[in-house]
Amino acid sequence: MTQNAKLWTRALVIAAFSLSATLILNALGFFLPFENKSYDIRMAGAAKYKRACDQICFVCVDQESIDWAQENYSWSWPWPREAYARMIDFISAGNPNSIACDILYTEPSVYGSQDDMALGQAEARSGKVIQTFFISEEDYDKALFPVPPIMDNAALIGNITSAKDSDDFIRRARLFYDYNGKRYPSLGIAAVCLDQEEPDFSSVPKLKDGSVLLRFTKSIDDYFPYSAKDVLESYDKWKNGEEGVLAPEDFEGLYVFAAYYAPGLFDICSTPVSQVYPGVGIHITALDNYLTESFMRKAPDATNLLWTILLCCLASAIVALCESRFATQASIGIPIGILLGLALAIFVPIILFNNGVWLLMVAPLFAFGLSAISSVILSLSVEGKQKRFIRSAFSQCLSKDVVNQIINDSASFTLGGKKFQMSAIFTDIQKFSSFSELLSASQLGCLLNFYLTKMSDIIIDEKGTVDKYEGDAIVALVGAPLKMDDHAKRACKAAINMKKAEVVMNKDIVEYAANPKPSWMEQDLYDAFKILVSNQKTIFTRIGINSGEMIAGYFGSERKKNYTMMGNNVNLASRLEGVNKQYHTNGILISQATRELLGDDFVVRPLDKVRVVNINTPIQLYELLEEKSAASDQLLSYIKNWESAMERFDARDYGQAKKIIGQLIKENPNDNVAKYYAGLLDKYFLQGLYPQEKDNEGVEFNPQDGVFKLLQK
């Protein structure tokens with residue numbers, strides 16, 4: 001099974017586990033309290049989008065009305081029922097749709113039977129008054145109905161028994177209540193039953209128990225409450241033919257609710273929008289939702305299950321996708337992906353809720369979180385061992401950035417050989433054997449550590465990999481174990497920086513040797529510096545670079561492995577390092593393959609086409625001099641003239657070539673490459689001769705193809 005197949009199989013297993021755990025906990029009711037809380041939060045947010053139905057109004061017996069009636073009518077509390085009769089007469093004169101009284105009249109009036117009769121007669125005159133009865137959940141057989149004069153004259157009796165959830169919050173309402181074989185509408189729906197002989201409730205979204213989910217407005221005050229004081233005061237003026245604050249016509253075509261609204265008098269209910277919500281607001285909301293067709297709809301169980309499955313799979317898929325397709329950015333991609341998935345799991349239910357659909361949030365969110373956490377933990381545990389191995393294996397020879405890239409994209413790293421387009425770097429210190437003759441083993445070791453540390457850091461800074469050290473030589477590669485499109489440019493930049501560091505290093509050696517030993521410096525290193533200076537020895541590094549297809553990977557035995565490279569292109573880089581000596585370069589030779597990958601970012605000068613030892617195919621040699629951005633105008637002009645000289649040399653116009661090269665030597669007497677060519681021209685080509693193997697020049701020229709054969713490694 002491939003690595004990707006394993007990742008996706010793991011994702012499916014984690015999703016299935018998370019779904020199973022979620023469904024079990026859901027069946028046990030674990031999520032219900034949390035879902036109710038999320039429902040309330042969403043309802044409180046959605047309430048601001050719910051506009052109160054303008055066909056409903058609310059007449060409230062508030063504290064102001066009670067105080068006013070005491071002062072003007074000398075009514076103590078409770079009011080005589082004649083007060084409500086007056087309000088019914090006034091409102092009914094305006095031809096409302098209904099008058100629903102959320103006031104219990106279960107006991108005879110303290111003002112006598114005539115008081116009850118006064119209210120009953122007002123009901124009879126109106127024909128639109130709905131009275132209430134209440135059934136205690138604790139004592140079902142003891143229903144509280146209005147006294148006979150009031151009950152007998154009411155147009156309809158509505159039930160006000162609440163449909164509370166297990167936490168005593170009211171989120172839903174009953175449409176009807178069956179009692180003793182008779183079906184009673186709820187107070188809110190009773191108004192519709194009064195208005196329509198057989199109202200159609202088939203389109204109302206009901207829960208399994210027949211109740212409906214209410215969609216609340218922000219406050220009951222959204223229904224513009226009228227004060228009982230204003231109604232009573234306006235009634236008096238209306239009876240006297242005067243104009244009051246209100247007119248009966250203000251209630252025309254309205255569904256009117258009347259209830260207590262003074263502190264300590266009205267029923268307090270806990271709802272999603274308020275924990276001190278007037279009970280009459282439940283019935284008003286039920287009627288509002290019916291008239292505006294805005295009852296909340298609970299998403300079907302199948303939809304909730306599919307939503308949970310989707311989130312389970314999404315969470316594990318995010319981790320699998322980041323590891324398989326975006327491994328180098330997995331450490332960033334996984335958190336971002338999970339956060340986006342989390343936002344989806346939260347905002348989709350919120351958006352649907354604002355549009356009247358209750359999609360479960362908590363259980364699916366738990367499933368998503370469990371799947372995400374399980375995926376990350378399992379990923380860390382499964383991948384951890386390989387990542388620790390990779391970090392240990394490469395931290396000594398790779399930059400931290402590259403090591404982290406490999407760890408984040410472990411699929412890109414495999415044991416064994418793998419083909420890469422990359423660049424190989426070989427370096428060596430010229431005449432290092434002469435150093436060995438002067439220094440003790442410990443002094444030589446300290447000097448090498450000093451040199452190799454600085455040079456290796458430069459390679460690693462360019463995301464190169466140090467393959468091995470062979471005495472004073474460094475073997476390195478750029479472009480593996482991670483693919484790099486700019487491997488040639490990085491290799492050349494590292495080479496140039498190594499040569500610049502070499503200049504600084506030689507100056508530092510002279511300076512250290514001329515002064516007392518620094519406290520941090522080992523004695524052997526200090527002694528090595530003094531010996532080098534006293535013997536006029538300087539460090540000169542030769543570097544060879546070649547680019548192309550090579551094999552890189554761990555090679556060796558199970559007990560001993562090394563990360564290394566191999567291939568013909570590797571061998572060519574090794575040969576180029578030694579060829580620097582033949583051409584007396586400033587230290588860096590690159591192949592034609594490397595040159596073609598550099599574009600115009602570097603300054604190079606062409607040398608000969610040569611056949612190196614053990615490689616028969618001719619290659620064009622180039623000396624790497626500087627980055628284009630750092631090159632002076634003088635250097636650019638110098639190289640342009642050099643190219644002209646080489647064009648004349650290749651065209652076998654040796655006289656003109658010698659003339660141009662001679663001018664370049666005058667301009668730069670330290671150009672040993674130019675001196676080398678001038679010597680060959682004078683000794684051979686201008687004499688009609690060509691260097692042969694017997695001449696001990698280290699090269700042999702083939703006049704037929706114009707290629708030099710190198711005779712030394």
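All values below were derived from every heavy atom in this structure, side-chain atoms included, with hydrogens, water molecules and symmetry-related copies excluded.
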task = Please report the shortest heavy-atom distance between Gly127 and Ala155, naming the atom on each side.
result = O-CB, 3.4 Å
query = Which atoms form the tightest heavy-atom contact between Trp358 and Met296, and what is the distance?
reply = N-CE, 4.1 Å
inquiry  = Between Asp221 and Tyr261, do the side chains contain a donor N or O and an acceptor N or O under 3.5 Å apart?
reply    = yes
query = Is Asp165 salt-bridged to Arg172, going by a charged N under 4.0 Å from an acidic O?
reply = yes
task = Please work out which of the three classes, parallel, tilted or perpendicular, describes the rings of Phe34 and Phe30, given edges at 30° and 60°.
result = tilted
key: Any Asn289 side-chain heavy atom under 4.5 Å of Val212 side chain   = no
task = Would you indicate whether the side-chain heavy atoms of Phe420 and Glu549 approach each other to under 4.5 Å?
result = no
key: Pair Asp62 + Lys229, salt bridge at N-O below 4.0 Å   = no
ask   = Of Gln55, Lys50, Arg215, which meets side chain to side chain donor-acceptor pair (under 3.5 Å) against Asp288?
value = Lys50
note = Scanning both residues in full, the closest heavy-atom pair of Val61 with Tyr84 reads CG2-CE2, 4.2 Å
ask   = Which pair of non-hydrogen atoms, one from Gly158 and one from Ile130, has the smallest distance, and what is that distance?
value = N-CG2, 4.0 Å
inquiry  = For Leu207, is there any backbone N or O sitting under 3.5 Å from a side-chain donor or acceptor partner on Lys298?
reply    = no
query = Is Asp222 reaching over with its side chain to a backbone N or O of Ser219, donor-acceptor style, under 3.5 angstrom?
reply = yes
